[in-house]
Amino acid sequence: MKVSVDQIVDEGGGIRSFYFRPEDRSRFPPTSPGAHTLLRVTKGMMRQYSLCAAPGDRRYRLAIRLDPAGRGGSRFMHESARVGDVFYLSYPQPDFPLEPDRPSYSFFAGGVGITPILSFLYALQGQACRIRLCYFVRAGDAVPFEQEVRALCPQVEIFNSALNGRANFEGLLRGSQGDAIYCCGSARFVAGVQEAADALGTAAIQVESFVSGVKAGHLGEPFVVDLPRSRHILHVPSDRSMLDVLLEDGVDIDYACEAGVCRSCIVDVIEGEIIHRDQCLTEEERRTVMTPCVSRGRGRIVINSL
């Protein structure tokens, strides 16, 4: 969908809200709580963000945290995007749904992980249920969306690591027994909450994290990628991803999360053994396709590329 920036709001803590209005239609498609969209930042570069506009606002809102160590998507939006600039968004993707009609909910949000939780809080307004929010921030006294979340949820507990030290997830989860529990944040944050839930024997919690567990440095054994259409033979070293090497060679490939969760960069594999590290493909799909952002080949693989 073709969109333009309608408003930019500094929320504090390195987060800015970007409000978009449609350019090629009279109104946006409706969204559901927890839905996200893919934003085409520049040609080939896509990023996945939660939709968190208030009901009744006919615009889409994306809250983007500046990541100076990232690959440039958030930096471009913070430093270069201006009101009136044109971008492209995907249709809403409902991958983190809210279970309806539960008597009580507990939400655990880490940093910018508050964004899908905001959409849940809006959706539960006026319903006869108990809502609890445990919101964890790191940056000094800055609490993005503090007034907004306090207006939406009467039971808010804000934890600032600079003031409160290490979070006691087990203690907090003991107060959420029987609740529908949702968690969103960094991979480390989500893992901490999940480990505490497992230790307590808490019922399954719903989680969302766009960050891969694959770390920088040694990513695996080097391998070779054969591109028959361009007749290029590419060498992927142990410290680089296949996606990086394809982009450097000029292959026209979309990408977004770079964590193996969004499906944007999938390529067809004609021949060779794949070492899958994604979190999005089915076992059937893994026979013939791969996510080059995190997955690797063994020895030599042949892909069907443009």
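We count residues from 1, following the sequence as given.
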**Request:** Give the C-alpha distance, both sets of side-chain angles, the deciding distance and a yes or no for side chain to side chain donor-acceptor pair (under 3.5 Å) between D179 and S104.
**Result:** CA-CA 5 Å; D179 293 357; S104 56; 2.6 Å; yes
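- Contact annotation: the side chain of L39 never approaches that of V3 to less than 4.5 Å [non-hydrogen atoms, C-beta and beyond].
- Side-chain contact between R287 and V269: absent, with no pair of heavy atoms (C-beta onward) separated by less than 4.5 Å.
- Between D268 and T288 the shortest side-chain heavy-atom distance does not fall below 4.5 Å.
- With hydrophobic clusters built from ILVMFWY side chains whose heavy atoms lie under 4.5 angstrom apart, I131 shares a cluster with Y135.
- Residues E221 and I275 have side chains not in contact (no heavy-atom distance under 4.5 Å, counting atoms from C-beta outward).
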Test side-chain contact (heavy atoms from CB on, under 4.5 Å) on F76 and R47; report intermediate values, then the result. CA-CA 11 Å; F76 180 91; R47 291 293 183 266; over 6 Å; no
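- Annotation: the span from L234 atom CG to D226 atom CG amounts to 8.5 Å, rounded to 0.5 Å.
- Rounding to the nearest 0.5 angstrom, the gap separating the CG atom in D249 from the CG atom in D244 is 12.5 Å.
- One distance of note links SG of C184 with CD of Q206; it measures 12.0 Å at 0.5 Å rounding.
- Considering only residues two or more places apart in sequence or on other chains, T282 meets the side chain to side chain contact (heavy atoms under 4.5 Å, CB included) condition with E284, E285.
- Here OH of Y105 is found 12.5 Å from CD1 of I117. Values are rounded to the nearest 0.5 Å.
- Interatomic distance, S50 OG to Q93 CD, rounded to the nearest 0.5 Å: 12.0 Å.
- Residues R132 and S176 form a side-chain contact, since some pair of their non-hydrogen atoms from C-beta on lies under 4.5 Å apart.
- Of all non-hydrogen atoms in S4 and G84, the two that sit nearest each other are CB-O, 4.1 Å.
- Taking every heavy atom of both residues into account, E157 and L172 meet most closely at OE1-CD2, 3.8 Å.
- The main-chain N or O of P144 is never found under 3.5 Å from a side-chain atom of E148 such that the two would form a donor-acceptor pair.
- Under the 3.5 Å distance criterion, the side-chain polar atoms of S295 are matched with a main-chain donor or acceptor of R277.
- Side-chain atoms of D85 come within 3.5 Å of backbone atoms of R82 as a donor-acceptor pair (strictly under, hydrogens ignored).
- Using a cutoff of 4.0 Å between basic side-chain nitrogens and carboxylate oxygens, R21 and E23 are scored as salt-bridged.
- In plain terms, the two heavy atoms of R65 and G13 that are nearest each other are CG-O, 4.5 Å.
- Counting only distance, with no hydrogens or angles, the side chain of R286 and the backbone of I274 share no donor-acceptor pair below 3.5 Å.
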Pairs of donor and acceptor atoms involving the side chains of residues 25-32, under 3.5 Å and at least two apart or interchain, shall be tabulated with distances.
{"from": "R25", "atom 1": "NH1", "to": "Y91", "atom 2": "OH", "distance (Å)": "3.1"}
{"from": "R25", "atom 1": "NH2", "to": "Y91", "atom 2": "OH", "distance (Å)": "3.3"}

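- Clustering ILVMFWY residues whenever any of their side-chain heavy atoms sit less than 4.5 angstrom apart, transitively, puts F145 in a cluster other than the one holding L66.
- By the rule that hydrophobic residues join a cluster once side-chain heavy atoms approach within less than 4.5 Å of another member, L281 and I253 end up as members of separate clusters.
- Taking the six-membered ring for Trp and the full ring otherwise, the centers of F120 and F107 sit less than 6.0 Å from each other.
- Formation of a donor-acceptor pair under 3.5 Å by the S119 side chain with backbone atoms of G34 is found in this model.
- V245 and V289 fall into different hydrophobic clusters, where Ile, Leu, Val, Met, Phe, Trp and Tyr residues are linked whenever their side-chain heavy atoms come under 4.5 Å apart, directly or through other members.
- At least one donor-acceptor pair closer than 3.5 Å links the side chain of R263 to the backbone N or O of C280.
- Here the OH atom belonging to Y88 is positioned 9.0 Å from the CZ atom belonging to R40, to the nearest 0.5 angstrom.
- Shortest non-hydrogen contact noted between H78 and R16 is O-NH1, 2.8 Å.
- Closest of all the heavy-atom pairs between G260 and C293 is N-SG, 3.4 Å.
- Put simply, the side chain of D24 gets close to the backbone of K2: a donor and an acceptor are under 3.5 Å apart.
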Audit row: Y49, T115, side-chain contact (heavy atoms from CB on, under 4.5 Å) steps and yes/no:
CA-CA 9 Å; Y49 297 108; T115 54; over 6 Å; no
Requested in this report: Dump the intermediate steps for side-chain contact (heavy atoms from CB on, under 4.5 Å) on I158 and R150, then the final yes or no.
Outcome: CA-CA 10 Å; I158 296 177; R150 289 194 184 280; 3.4 Å; yes
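- In this structure, the side chain of S241 does not engage the main chain of V294 through any donor-acceptor pair within 3.5 Å.
- When the side chain to side chain contact (heavy atoms under 4.5 Å, CB included) test is applied to A196, the partners found at least two apart in sequence or on another chain are F169, E170, L173.
- Taking the side chain as every heavy atom from C-beta outward, V5 and F20 approach each other to under 4.5 Å.
- The shortest heavy-atom contact between G220 and S238 is O-CB, 2.9 Å.
- Criterion: ILVMFWY side-chain heavy atoms under 4.5 Å apart, direct or through other members. Under it, V267 and L243 are part of a common hydrophobic cluster.
- Side chains of T291 and C265 form a contact here, defined as non-hydrogen atoms less than 4.5 Å apart.
- Between the side chain of Y182 and the backbone N or O of F96, no donor-acceptor pair lies under 3.5 Å.
- By the 4.5 Å heavy-atom criterion applied to side chains, L62 and L51 are counted as neighbours.
- The ring of F159 has its center closer than 6.0 angstrom to the ring center of F136.
- Listed for the Y122 side chain is no donor-acceptor partner under 3.5 Å among the backbone atoms of L152.
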